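On a predicted model such as this, the values are computed, not experimentally measured, just so you know. By convention in this document, chain letters (A, B, ...) are assigned in the order of the sequence lines, proteins followed by strands, and residues within each chain are numbered from 1.
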Amino acid sequence: MSEERSLNFIEQIIEEDIAAGTHGGRVLTRFPPEPNGYLHIGHAKSICLNFSLAQKYGGKTNLRFDDTNPVKEDVEYVDSIKEDIKWLGFEWAQELYASDYFEQLYQFAVQLIEKDLAYVDEATPEQIAAAKGSPTVPGTPTPARSRSIADNLDLFARMRKGEFKDGEKVLRAKGDLASPNMHLRDPLMYRIKHAHHHRTGDAWCIYPMYDFAHGQSDSIEQITHSICTLEFIPHRPLYDWFIAQLGIFPSHQYEFARLNMSYTIMSKRKLIQLVQEGHVRGWDDPRMPTISGLRRRGFTPASVRMFCERIGVQKRDNLIDFSLLEFCIREELNKTAPRVMAVLDPVKVVITNYPADKVEILQAENNPEEENSGTREVPFSNTLYIEREDFMEVPAKKFFRLGPGLAVRLKYAYVVQCETFEKDASGNITTIFCRYLPESKSGNDTSGLSVKGTIHWVSAAHAHQAEVRLYDRLFSVAEPGNEEGDFKSFLNPDSLQVVENALIEPALTKARAGDRFQFLRKGYFTVDVDSSPEKLVFNRIVTLKDTWAKETKKS
RNA sequence: UGCCGAAUAGUAUAACGGUAGUACGACAGACUCUGACUCUGUUUGUCUUGGUUCGAAUCCAGGUUCGGCAACCA
């Protein structure tokens, strides 16, 4: 059923591996987050990639927390990461932690010391950096480099025992100080941190560095395709080197370009800043590009997966249009979201020839895109509210809505024609007076006339109040991360607009948190968890496409 | 001026020596009891210079541009 799609470069590699019988055709991937922040849409790309690759080729995917830096990591993040992956619709084969391998990694380090491929150094970070040279100048050995194997073994054991303070010693690989690849110039393998680890507690005071943990963890798990982002390309020779020197399972690393999206940022460091400095309401603020933010905003897992599928996988840097994400959610919600009427900016309409005490119950279809979605009842009376922007005192050309003398259809109801209107002292329209055409009722319209516009409305006596939160892009420039100056100065001041007293049709009061609707002509909305029995709170997921708004902007 | 990547419409992404296609966006129109949806159409592209070849986005060489790399972060 799925449309024909050419293979991305990683799929090509896997198919070649399977054809060549590498690892017996087995495919095992892993998703390796560090539990130091919430997952964002960029991680979703990686998650979708790793899990769908395994699904496609009959393999599995491990979830492995890369928790080698206790000072930055926390169980709060572990929990949120697991929740987000599940929400996206993926199941991991095993839940693992790099910290599960601390003892094994320690033994690996000892092996390398014994092979004279690692040594304990007491130089300061500044001295080590200086001794590494520069890309064009070879490094020089620090005095410790010539230490004996026995001494190194002893010192490393004492590092583990806690005989040294933080930063006093490190374990370094004996690489190539002249390598053009800086990562090979005696990289650090272990550092001392007397810190409490979220899983191992105080069992350790030395912790492996990424380079000495990641590849070996992959190898221990027998990961066949270790997929990461482009910035790890220069690490690959080191990844391979450790595995080769240790003689362990040859996992391989492949790199793809991380996701960048316009009008937002993907840097964990910056996202955490927005949260901690209160520029947003939290990690799950609906404006955040985090998975929890998208979830609260009302995005569906399927729409996020579709987005990740459509953006593709390549090695070139990219900047994905925010509009593609919007397209993906509209695409799904158009088919699935029930239609309802809600007036965000109400103005009163009185139908002068409709009996004041009469109430009609009209039938409204729930979703024209879905055959069996049924209908619901909507009350109609002589006093209604419509959207303020659907009335113009002096109608513009091609304005197919209400204005003096103009006629529109009230959705599911009657055609009404505006006769007159009232204004208050400051010139705001307060009431619009219309006559309705009794023979124009939806379903059996015998009036014979056709009006160009149809608008939504609610009956004043039957409408309920609700809070509606209208979200817009978080930043007002396309690449806030690449602009000069503080990225926070590019925050969009209008990214959240709260409508305290929107009016919703009575059928909507049954809505529960997480339900999604299309507010006719306004957009897609979801019920926020802030809702109470007394007052519903809606988040706008995305607007509908609005050709008229575009038209008015032109002039 | 070291090493490593990458360059195809506005943005993404295909074409794997043989007609440069698709999606999103934009624009124009049709339809419409949502100015939505749907449908139709239009516009715009192989970084550059050489070379190989009957034929090059694709192979080769040089150049240009962009990105990454010298954390006791991952």
Side-chain angles (χ1 to χ4, degrees), chain A residues 3-8 12 32-34 36 66-69 71-73 121 124-125 128-130 132-139 166-172 179-185 188-193 206-207 209-211 213-214 228-237 255 257 262 268-269 310-328 330-331 334-335 339 341 365 368-369 398-401 408-413 415 440 442-443 445 450-456 478 518-523 543-551:
Chain A
E3 55 192 72
E4 201 70 20
R5 182 178 67 82
S6 47
L7 268 28
N8 66 47
Q12 289 182 23
E34 183 189 11
N36 68 344
D66 226 336
D67 55 351
T68 57
N69 187 359
V71 302
K72 289 190 176 173
E73 296 153 8
D121 201 341
T124 65
I128 289 177
K132 278 190 183 180
S134 77
T136 49
V137 180
D166 285 9
E168 230 173 270
K169 300 214 180 318
V170 291
L171 183 72
R172 300 177 69 183
S179 172
N181 180 343
M182 298 299 290
H183 294 278
L184 262 17
R185 323 247 272 222
L188 270 59
M189 294 165 60
Y190 269 91
R191 76 286 217 194
I192 299 171
K193 280 179 192 282
I206 57 171
Y207 292 92
M209 299 286 292
Y210 167 85
D211 283 311
H214 201 99
C228 62
T229 45
L230 254 29
E231 66 268 30
F232 291 100
I233 290 178
H235 295 249
R236 193 175 58 226
E255 310 88 6
S262 57
K268 267 201 224 176
R269 205 192 88 248
R310 283 181 180 250
I311 58 179
V313 180
Q314 250 310 330
K315 298 188 81 140
R316 46 185 109 97
D317 293 330
N318 57 78
L319 182 67
I320 307 289
D321 268 353
F322 194 82
S323 62
L324 184 61
L325 219 206
E326 296 186 327
F327 168 81
C328 289
R330 285 191 187 114
E331 173 99 333
N334 175 50
K335 298 193 191 97
R339 271 59 170 172
M341 294 197 287
E365 63 182 344
E369 301 288 325
K398 285 166 54 180
F399 182 76
F400 308 133
R401 306 179 190 180
V408 284
R409 158 146 332 254
L410 296 172
K411 181 77 177 173
Y412 312 126
V415 171
S440 68
S442 288
D445 182 349
S450 73
V451 289
K452 190 86 173 144
T454 300
I455 64 173
H456 61 283
Q518 183 193 109
F519 287 3
L520 229 51
R521 306 205 302 137
K522 298 311 293 182
T543 61
L544 254 31
K545 274 212 240 170
D546 192 345
T547 320
W548 173 248
K550 219 180 274 176
E551 189 73 27

* Rounded distance in Å between the P positions of B:C73 and B:G62 -> 40 Å

* Structure fact -> Ranking A:Ser134 and A:Glu34 by the position along RNA chain B of their nearest nucleotide, the one closer to 5' is A:Ser134

* Asked: Using the P atom in both, what is the distance from B:G2 to B:U11, to the nearest Å?
  -> 30 Å

* **Atom pair distance, as rounded to whole Å: CD in A:Glu369 and P in B:U34** => 11 Å

* Whole-Å gap separating P (B:C72) and CD1 (A:Ile206) -> 17 Å

* To do: Would you mind classifying the nucleic acid contact of A:Gly523 as base, sugar-phosphate or nothing, using non-hydrogen atoms under 4.0 angstrom?
  => nothing

Which atom pairs link the protein and nucleotides 1-8 of chain B when you take only N or O atoms and keep those under 3.5 Å?
{"residue": "B:A7", "atom": "OP1", "partner": "A:Arg316", "partner atom": "NE", "Å": "3.4"}

* To do: Provide the distance between the two C1' atoms, one in B:A74 and one in B:A61, to the nearest whole Å.
  => 39 Å

* For A:Lys193, report the nucleic acid contact type (base, sugar-phosphate, nothing); a contact means any heavy atom under 4.0 Å. => sugar-phosphate

* Asked: With a 4.0 Å cut-off on heavy atoms, is A:Ile311 in touch with a base, just the backbone sugar-phosphate, or nothing at all?
  -> sugar-phosphate

* Asked: In whole Å, what is the span from the CG atom of A:Asn8 to the P atom of B:A14?
  -> 7 Å

* Asked: When rounded to the nearest Å, what value does the distance between P atoms of B:U44 and B:G21 take?
  -> 12 Å

* Select from A:Arg401 and A:Asp121 the residue whose nearest nucleotide in RNA chain B is closer to the 5' end of that strand. => A:Arg401

* Can a side chain N or O of A:Thr547 be found less than 4.0 Å away from OP1 or OP2 on B:A36? -> yes

* Within the structure shown, what part of the strands sits under 4.0 Å from A:Ile320 by heavy-atom distance: base, sugar-phosphate, or nothing? -> sugar-phosphate

* Pick the P atom in B:A23 and in B:C72, then give their distance to the nearest Å. => 50 Å

* To do: Would you indicate what A:Gln12 reaches in the nucleic acid, counting non-hydrogen atoms under 4.0 angstrom: base, sugar-phosphate, or nothing?
  => base

* Structure fact -> Here the gap from A:Leu171 atom CG to A:Arg191 atom CZ, rounded to the nearest 0.5 Å, amounts to 12.0 Å

* To do: Could you label the plane-to-plane angle of the A:His235 and A:Tyr210 rings as parallel, tilted or perpendicular, counting under 30° as parallel and over 60° as perpendicular?
  => perpendicular

* **Quiz item: A:Gln518 side-chain donor-acceptor pair to B:U34 base, under 3.5 Å** => yes

* Contact class for A:Leu520 (heavy atom, under 4.0 Å): base, sugar-phosphate, or nothing? -> base

* To do: Please measure how far the P atom in B:C59 lies from the corresponding atom in B:C16, and state the result in whole Å.
  => 11 Å

* Would you check if A:Tyr210 stacks with the base of B:A74, given a 5.5 Å centroid limit and a 30° plane limit, both strict? => no

* Euclidean distance for C1', B:G45 against B:U34 (whole angstrom) -> 37 Å

* To do: Quick one: label A:Phe322 by what it contacts on the DNA or RNA (base, sugar-phosphate, nothing), any heavy atom closer than 4.0 Å.
  => nothing

* Structure fact -> When rounded to the nearest 0.5 Å, the distance separating OG1 of A:Thr454 from CZ of A:Arg401 is 11.0 Å

* Under the 3.5 Å Watson-Crick or G-U criterion, the dot-bracket string of RNA chain B, with | for inter-strand pairs -> .((((((..((((....[..)))).(((((.......)))))....(((((..]....))))))))))).....

* To do: Describe the nucleic acid contact of A:Thr68 in one word from base, sugar-phosphate, nothing, applying a heavy-atom distance below 4.0 Å.
  => sugar-phosphate

* Just call it for A:Pro32: base, sugar-phosphate, or nothing, with non-hydrogen atoms closer than 4.0 Å on any strand. => nothing

* For A:Tyr207, report the nucleic acid contact type (base, sugar-phosphate, nothing); a contact means any heavy atom under 4.0 Å. => nothing

* Ignoring hydrogens and angles, are the base of B:A74 and the side chain of A:His235 linked by a donor-acceptor pair under 3.5 Å? -> yes

* To do: Starting at NZ of A:Lys268, measure out to NZ of A:Lys72 and round the result to the nearest 0.5 Å.
  => 9.5 Å

* **Atom P, compared across B:A56 and B:U19: separation rounded to whole Å** => 12 Å

* Mind calculating the distance between CD1 (A:Ile455) and P (B:U34) to the nearest angstrom? => 13 Å

Atom pairs, N/O to N/O, protein against nucleotides 23-28 of chain B, distance under 3.5 Å?
{"residue": "B:A23", "atom": "O2'", "partner": "A:Arg310", "partner atom": "NH1", "Å": "2.7"}
{"residue": "B:A26", "atom": "OP1", "partner": "A:Lys550", "partner atom": "NZ", "Å": "2.8"}
{"residue": "B:C27", "atom": "OP2", "partner": "A:Lys550", "partner atom": "NZ", "Å": "3.4"}
{"residue": "B:A28", "atom": "OP1", "partner": "A:Lys554", "partner atom": "NZ", "Å": "3.4"}

* **Distance in angstrom units between A:Met209 CE and B:A70 P, rounded** => 11 Å

* Asked: Which part of the nucleic acid does A:Tyr190 contact within heavy-atom distance under 4.0 Å: base, sugar-phosphate only, or nothing?
  -> nothing

